[in-house]
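Everything below concerns the one structure shown next.
Atoms within a ligand are numbered from 1 in the order they appear, just like the ligands themselves. It should be emphasised that the depicted structure is a prediction, and the values quoted were computed from it without experimental measurement.
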Amino acid sequence: MRNSRIRASVQSLHAYVPGEQPGGDRPFIKLNTNENPYPPSPKVGEALRGLDADILRLYPPPSVDALRARIASMHDCGIENVFAGNGSDEVLALCTRAFVENDGSIGYFEPSYSLYPVLAAIRDTRTQPVALGPGFTWQDPPLEGSGLFFLTNPNAPTGMVFPSEAIEAFCAAFKGVVLIDEAYVDFAERDCMALAHRYDNVLVSRTLSKSYSLAGLRVGYCVGAAPLIEALMKLKDSYNLDRVAQTLALAALEDVDYMRENVALIKAQRDRLGQALAGMGFAVFPSQANFIWTQPPAVIPAPDYVATLRERGILIRYFPKSDLAAYVRITIGTPGEMAALVKATEAILERAG
Ligand SMILES: Cc1ncc(COP(=O)(O)O)c(C=O)c1O
């Protein structure tokens with residue numbers, strides 16, 4: 001029903017649909033939202049226990065200097081080149097406000113992160129989606145027409161990386177701002193951070209949600225030219241990162257070795273699962289992320305596979321959109337979780353075949 005008090009664009013908005021976070025007592029193996037199966041660094045736990053509730057009387061540092069300085073030192077740049085946000089989702093949302101005129105447009109690949117069109121709709125701007133080539137491969141986007149292009153690398157939900165030369169050539173020629181969304185880059189063989197240093201129209205965003213096991217903390221950041229960062233700083237909530245988030249994020253970033261150990265475990269499981277699925281007749285796309293994008297064999301169409309796994313207590317991600325409806329996305333879990341997934345899949349195939 002229409003409600004004249006609510007803006008027309010909000011009434012017609014289809015909000016982003018996150019993966020299921022099951023409540024209740026039933027234990028699920030959760031392979032549907034690309035969370036990390038391992039706990040955050042012990043240093044995060046220590047920092048959490050060391051927090052005195054009394055400090056919460058005071059507003060947090062508004063410009064997030066200590067955390068931004070740590071990030072700047074990790075990426076060999078100045079603090080003026082770093083923006084820290086409430087998850088990288090906040091960074092992405094602020095980019096739509098900072099770099100796109102009201103009559104402008106936002107570009108992104110299809111498929112990629114399904115939040116981008118929702119952010120454009122929230123911002124009430126047009127979109128210029130660019131269909132990927134066969135097998136979800138790179139296509140040159142138009143160089144004009146959009147003020148902002150979201151470029152996900154490794155891409156989601158495919159997990160595939162795009163050729164570095166193509167990305168750089170696009171960044172060099174594109175008229176607007178390119179936000180390279182590197183949410184999954186710690187699981188990949190290469191990254192694009194150098195482009196944020198080399199080009200004044202490129203931002204590279206990262207998150208602590210995946211490789212650092214801190215999806216619940218909500219901390220992300222981006223690196224880029226000072227004028228772009230300054231624009232984001234002007235638009236953010238004064239206190240966009242609370243005191244707990246600032247303190248624990250800093251603790252996590254002081255233990256990069258721990259993150260790298262977990263990433264190595266996850267990559268090993270990813271390669272093992274890819275082989276197991278391929279051996280069972282799945283089409284497996286080459287992933288450099290903490291998930292696998294795959295097409296189940298014809299005997300178990302993707303929606304049936306997802307539903308049957310759910311009955312067996314395993315959640316994976318399904319995108320019902322027509323061009324993605326034949327595929328599923330499986331987050332990499334612990335060896336035990338992967339063994340359970342493979343066992344369930346064998347049983348489902350046996351019953352179907
Ligand atoms: C491509 C991509 N970018 C950004 C995000 C959001 O990350 P954050 O938890 O930092 O908001 C996700 C989360 O799933 C993602 O898949």
Side-chain angles (χ1 to χ4, degrees), residues 15-21 30-37 40 64 67 71 82-96 106-120 122 129 132 136 148-162 167 178-188 191-193 203-223 232 236-237 240-242 245-246 248-249 252-253 259 266 270 285 287-293 315-319 321 324 327-332:
Y16 178 70
V17 183
E20 179 181 357
Q21 295 289 352
K30 247 189 119 282
L31 308 175
N32 64 335
T33 46
N34 296 344
E35 289 143 329
N36 196 308
V64 198
L67 180 59
I71 295 166
V82 177
F83 177 85
N86 185 239
S88 50
D89 281 350
E90 187 196 16
V91 177
L92 306 176
L94 287 174
C95 286
T96 68
I106 297 174
Y108 49 84
F109 286 123
E110 243 175 22
S112 66
Y113 187 23
S114 50
L115 179 69
Y116 305 142
V118 179
L119 292 178
I122 291 171
L132 286 174
F136 308 107
L148 173 66
F149 194 92
F150 288 124
L151 199 169
T152 328
N153 198 52
N155 196 15
T158 65
M160 292 161 68
V161 288
F162 294 121
I167 295 177
V178 184
L179 181 294
I180 304 180
D181 181 341
E182 291 197 335
Y184 299 101
V185 81
D186 289 323
F187 304 97
D191 68 74
C192 289
M193 191 53 87
L203 291 168
V204 171
S205 67
R206 302 260 175 110
T207 178
L208 274 65
S209 297
K210 318 288 181 184
S211 54
Y212 288 92
S213 313
L214 285 171
L217 195 65
R218 312 302 306 130
V219 179
Y221 64 88
C222 70
V223 172
L232 299 177
K236 79 178 184 73
D237 280 355
N240 65 327
L241 278 186
D242 64 60
Q246 292 194 34
L248 301 194
L253 294 180
M259 177 277 278
I266 289 167
R270 176 186 72 200
F285 291 83
S287 172
Q288 292 206 21
N290 66 337
F291 55 84
I292 282 184
W293 181 241
L315 299 181
I316 62 171
R317 190 76 191 264
Y318 181 64
F319 300 93
K321 216 170 148 252
L324 304 182
Y327 305 88
V328 298
R329 193 196 68 192
I330 304 173
T331 303
I332 304 304

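- In summary, the side chains of Y16 and D89 do not present any donor paired with an acceptor at a separation below 3.5 Å, with no hydrogens or angles considered.
- For ligand 1, the 4.0 Å heavy-atom shell contains residues G87, S88, D89, Y113, T152, D181, A183, Y184, T207, S209, K210, R218.
- Centroid-to-centroid, the aromatic rings of Y116 and Y113 come within less than 6.0 Å.
- Scored by the side chain to side chain donor-acceptor pair (under 3.5 Å) test, D191 finds no partners at all (sequence neighbours excluded).
- Contacts of Y108 classified as ring-ring contact (aromatic ring centres under 6.0 Å, His included), with partners at least two apart in sequence or in another chain: none.
- Partner of T158 under the side-chain contact (heavy atoms from CB on, under 4.5 Å) criterion, chosen from F136, F285, Y327, F109: F136.
- With sequence neighbours excluded, the residues satisfying side chain to side chain donor-acceptor pair (under 3.5 Å) with K30 are Q21, N32, T33, E35.
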